Amino acid sequence: MKRPTFLLIEDDAVDAEAFRRAVKRNQVDCELVHASDGGEALEKLRNMVDENDDIGVLAFLDLNMPGLNGHEFLAEVRRDESLKRLAVFVVTTSRHKRDIALAYDKNVAGYFEKDDLASVLEIARQFAGRLVFPTLGRKSD
């Protein structure tokens with residue numbers, strides 16, 4: 001099986017480092033790419049798709065970020081024909097019902113709180129190991 005790419009979209013450096021450490025501690029075999037906000041994440045995703053039409057990407061998205069926030073990122077991804085099938089896990093501190101509903105309205109794969117990254121990564125490791133990744137890019141066949 002091809003090694004998946006995990007795209008972490010997180011503005012907080014401490015939380016990003018905690019995620020990196022959790023990936024290592026849980027022995028998740030992936031390429032980890034970090035973006036500090038939704039705009040940077042979109043740019044990185046589009047570059048990945050342009051460079052490789054057979055890439056497996058799981059995105060881990062914080063909602064509360066400056067610039068293009070998590071909800072705006074999800075809206076843009078779902079509008080973009082080349083990215084709309086991206087599998088996204090929300091990993092955030094927000095427990096607001098509105099945030100949860102808005103995320104699931106944009107077809108996220110799961111919504112998790114940041115306080116237990118070990119569980120999030122264990123679930124992601126199993127998910128990535130069994131997932132048939134959606135095709136990203138303009139091709140749909």
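Since this is a predicted model, take the numbers as computed values, not measurements. Atoms considered below: every heavy atom in the structure, side chains included; atoms not considered: hydrogens, waters and symmetry mates. Throughout, numbering of the chain's residues begins at 1 and tracks the sequence.
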Is the ring pair F60/F89 parallel, tilted or perpendicular, if the boundaries are 30 and 60 degrees?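 Taking F89 first and then F60, their aromatic rings lie parallel (interplane angle under 30°).
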
To the nearest 0.5 Å, what is the distance between [atom1] on [X] and [atom2] on [Y]?
{"X": "L86", "Y": "L58", "atom1": "CG", "atom2": "CG", "value": "8.0 Å"}
{"X": "D62", "Y": "D37", "atom1": "CG", "atom2": "CG", "value": "11.0 Å"}
{"X": "L121", "Y": "N26", "atom1": "CG", "atom2": "CG", "value": "5.0 Å"}
{"X": "L45", "Y": "D80", "atom1": "CG", "atom2": "CG", "value": "9.0 Å"}

Determine all donor-acceptor pairs shorter than 3.5 Å in which one atom belongs to a side chain in residues 6-16; sequence neighbours excluded.
unit_1, atom_1, unit_2, atom_2, d
E10, OE1, K114, NZ, 2.8
E10, OE2, D12, N, 2.9
E10, OE2, K114, NZ, 3.4
D12, OD1, V14, N, 2.9
D12, OD1, D15, N, 2.8
D15, OD2, K114, NZ, 2.8

Ion pair check, R95 and E113, cut-off under 4.0 Å: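 Yes, R95 and E113 are salt-bridged.
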
Salt bridge flag under 4.0 Å for residues R46 and E43: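 Salt bridge absent between R46 and E43.
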
Output yes when a side-chain donor or acceptor of E72 lies under 3.5 Å from a complementary backbone atom of N69, and no otherwise.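 Yes, because the side chain of E72 sits within donor-acceptor range (under 3.5 Å) of the backbone of N69.
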
Please check if the side chain of R125 supplies one atom and the backbone of D29 the other of a donor-acceptor pair under 3.5 Å.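 Answer holds: no.
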
Step by step, work out the side chain to side chain contact (heavy atoms under 4.5 Å, CB included) result for V33 and M48. CA-CA 11 Å; V33 176; M48 284 182 219; 4.0 Å; yes

Looking at E122, I'd like to know if its CD atom is crowded, meaning that more than 12 non-hydrogen atoms belonging to other residues, nucleotides or ligands lie closer than 6.0 Å.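 Atom CD in E122 is crowded, with more than 12 foreign heavy atoms closer than 6.0 Å.
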
[X] to [Y] - nearest heavy-atom pair and separation:
{"X": "F73", "Y": "G38", "value": "CD1-O, 3.6 Å"}
{"X": "A35", "Y": "K44", "value": "CB-CD, 4.3 Å"}
{"X": "R78", "Y": "R85", "value": "NH1-C, 4.2 Å"}
{"X": "L117", "Y": "A22", "value": "CB-CB, 4.0 Å"}

Counting only pairs under 3.5 Å, give me each side-chain donor-acceptor contact of residues 97-109, with atom names and distances, residues two or more places apart or in other chains.
unit_1, atom_1, unit_2, atom_2, d
D99, OD1, H71, NE2, 2.8
D99, OD2, S94, OG, 2.5
Y104, OH, Y111, N, 3.1

The single option from T92, V90, I123 passing side chain to side chain contact (heavy atoms under 4.5 Å, CB included) against F112: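 Among the candidates, only I123 passes.
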
With heavy-atom distances below 4.5 Å as the criterion, would you say the side chains of K24 and R21 are in contact?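 Not in contact.
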
